[in-house]
There are 2 protein chains.
Amino acid sequence: MATSSKHILIVEDDASIARLIDIHLQREGYQTTLCDDGLDAQKLLKDNHYDALVLDRMIPGKRGLDVLRWLRGQEKTSLLPVLMVTALTMTDERIRGLNEGADDYLGKPFEPNELVARVAALLRRSVSKVTESFDSHCIQLCEESFEVRIEGELLSLRPLEFKLLQVLMNKPSRVFSREQLLDLVWGIDSFVEERTVDATVKRLRKDLAAFGQGECVQTVRGMGYRFQEKA
Amino acid sequence: MATSSKHILIVEDDASIARLIDIHLQREGYQTTLCDDGLDAQKLLKDNHYDALVLDRMIPGKRGLDVLRWLRGQEKTSLLPVLMVTALTMTDERIRGLNEGADDYLGKPFEPNELVARVAALLRRSVSKVTESFDSHCIQLCEESFEVRIEGELLSLRPLEFKLLQVLMNKPSRVFSREQLLDLVWGIDSFVEERTVDATVKRLRKDLAAFGQGECVQTVRGMGYRFQEKA
DNA sequence: GTGCCTATGTCATCAATTTGTCATGTAACT
DNA sequence: AGTTACATGACAAATTGATGACATAGGCAC
């Protein structure tokens, strides 16, 4: 996985501070969008995808905390990493922010470098924050603990096999071409032969077969592979 | 307000500021003791009882944070409410202070009234201070006393090992990448190699192994580490 | 201050596992 | 049967983690 350009929404009404944040985040290679109003922020969040949000506590239209509470309630943004920026120095306020669901907190005045570091940290953490777990009829895959169970029995997969199963189980019965699998499992910028997918599928099947579920990963001749519970 | 006479220790080397603090706290009915040096502070804390501590960050003899760390390690003072006073405005310094165990934070220059209010708040809260402790089946980790027990037996961990165990036990069975652990244990602004995590894990395991629980910290190849009781 | 001691970061090395590739076998489709 | 696509097993190469040694820094006692 390469350093794809993460998109960050900055909600800040003080133009000079907004610019300061903007410049530093852009310098780090992030894509940024500025916004100076709470209601606009909601619209943007509804219509676009962002990887993180830098949110000022005091903004017109709505208070920052309101926006925060709102977006936590939305399916789409409930897990969005949020860095709250505030001029308030009171500890209680800071703690309240975190309780309300901010992922991190930064008081003004702040070091731009620290802001950048915190955003980076949020993004890093957020990767595994999306911790769904996929269940099929008898296979459970838990992203948080990197565990796969078949009828309760824990089985150990290699990292690549795990990722592969993860991708396939994410859309049961959908067929993925080898090319797609290379992108999704190996990463866009890998220099790996297509045949490698075959080898990994084979290994995955073998491990699943040890628990009677080797048939779950099916070949679709000329197309690719898919995950499907045996009937 | 200040009903029973609470005793507050003030550690501050700037005589004028010390006097300022002293006067205002006394006016509220608190009993105060002044001290302008870190080492003296330690002695005083060892020999006397105080209900709260106002601590300057920059004091001779020892840095404020050192005193703080020390007193948190002492049974007697591990819960003492501490208000840190500092001229530093840098946010990360502020946060570091809180991480180190300060209960509240006040930047210079400050309003005497605010200081009084904060001290009062500390005393109010100090009774019901929320400190979690994580228990697994046979390991107890108490954040309050910085103690770890295995089946009642106290074992002594180094600071980093403690933090690491703390983070891992906070989410049992969840896998943390080295990167995440660096963020959570070492801090987002540390310049430490990822391999350092390995070394610390090894040391933690060794200490746990002395009590038969070396297996609790598990390696998830290609992913990171996790805490999980042995089955 | 001096010096000891502990905690910690880094590195080199070793061992084990994982993974990519290839050569060959096998099944499917025409 | 011929052709294509996939499966399989073997092997080499690359990753990855464990471990022990070592340097250093910072604390603590004297």
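Atom set for the values below is all heavy atoms of this structure, side chains included, hydrogens, waters and symmetry mates excluded. Residue numbering restarts at 1 for every chain, and letters A, B, ... go by the order of the sequence lines.
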Between [atom2] of [N] and [atom1] of [X], the distance in whole Å:
X	N	atom1	atom2	result
B:Arg203	D:dT19	CZ	P	13 Å
A:Phe146	C:dT18	CZ	P	15 Å
A:Asp198	D:dT8	CG	P	10 Å
B:Asp207	C:dT6	CG	P	13 Å
A:Glu193	C:dT19	CD	C1'	13 Å
A:Lys202	D:dG9	NZ	C1'	7 Å
A:Arg195	C:dT24	CZ	P	17 Å
A:Met223	C:dA28	CE	P	17 Å

Starting from the 5' end of DNA chain C, give me the residue, A:Leu157 or A:Val192, whose nearest nucleotide shows up first.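 Final value for this comparison: A:Leu157.
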When you measure from the side-chain N and O atoms of B:Trp186 to the phosphate of C:dG9, is any distance below 4.0 Å, counting only OP1 and OP2?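 Indeed, a polar side-chain atom of B:Trp186 lies that close.
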Looking at A:Gln31, I want to see if its CD is surrounded by more than 12 non-hydrogen atoms of other residues, nucleotides or ligands under 6.0 Å.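 Enclosed.
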If you count the non-hydrogen atoms of other residues, nucleotides and ligands that lie under 6.0 Å from CD in B:Glu215, is the total more than 12?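 Counting neighbours around CD of B:Glu215, 12 or fewer heavy atoms of other residues, nucleotides or ligands fall under 6.0 Å, so no.
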From [options], nucleotide with atom closest to [X] side chain:
X	options	answer
A:Thr200	C:dG20, D:dA5, C:dT8	C:dG20
B:Arg158	D:dA5, C:dT21, C:dA7	C:dA7
B:Tyr225	C:dT10, D:dA18, C:dA7	D:dA18
A:Thr219	C:dG20, D:dC6, C:dT21	D:dC6

Side chains of B:Thr219 and B:Arg205: is there a donor and an acceptor less than 3.5 Å apart?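 Per modelled atom types, B:Thr219 and B:Arg205 side chains form a pair under 3.5 Å.
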Hydrogens and angles aside, do A:Arg226 and A:Gln218 bring a side-chain donor and acceptor to less than 3.5 Å of each other?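 The answer is yes; a qualifying pair exists.
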Donor-acceptor pair (no angle test) under 3.5 Å: B:Arg221 side chain, C:dT18 base: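 Side chain to base: no pair below 3.5 Å.
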Let's test your reading of the model: under 3.5 Å, does the base of D:dG17 pair with the side chain of B:Arg178 as donor and acceptor?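 Result: no qualifying N/O pair found.
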Looking only at heavy atoms, what is the nearest atom pair of A:Glu143 and A:Phe162, with distance?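 In this case the closest contact between A:Glu143 and A:Phe162 is CA-CZ, 4.4 Å.
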With a non-hydrogen cut-off below 4.0 angstrom, is A:Phe162 in contact with a base, only sugar-phosphate, or nothing?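 The answer is nothing, as A:Phe162 stays clear of every strand by at least 4.0 Å.
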On DNA chain D, nearest-nucleotide positions of A:Val201 versus B:Ala199: which is more 5'?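 Going by which nucleotide is closer to the 5' end, it is A:Val201.
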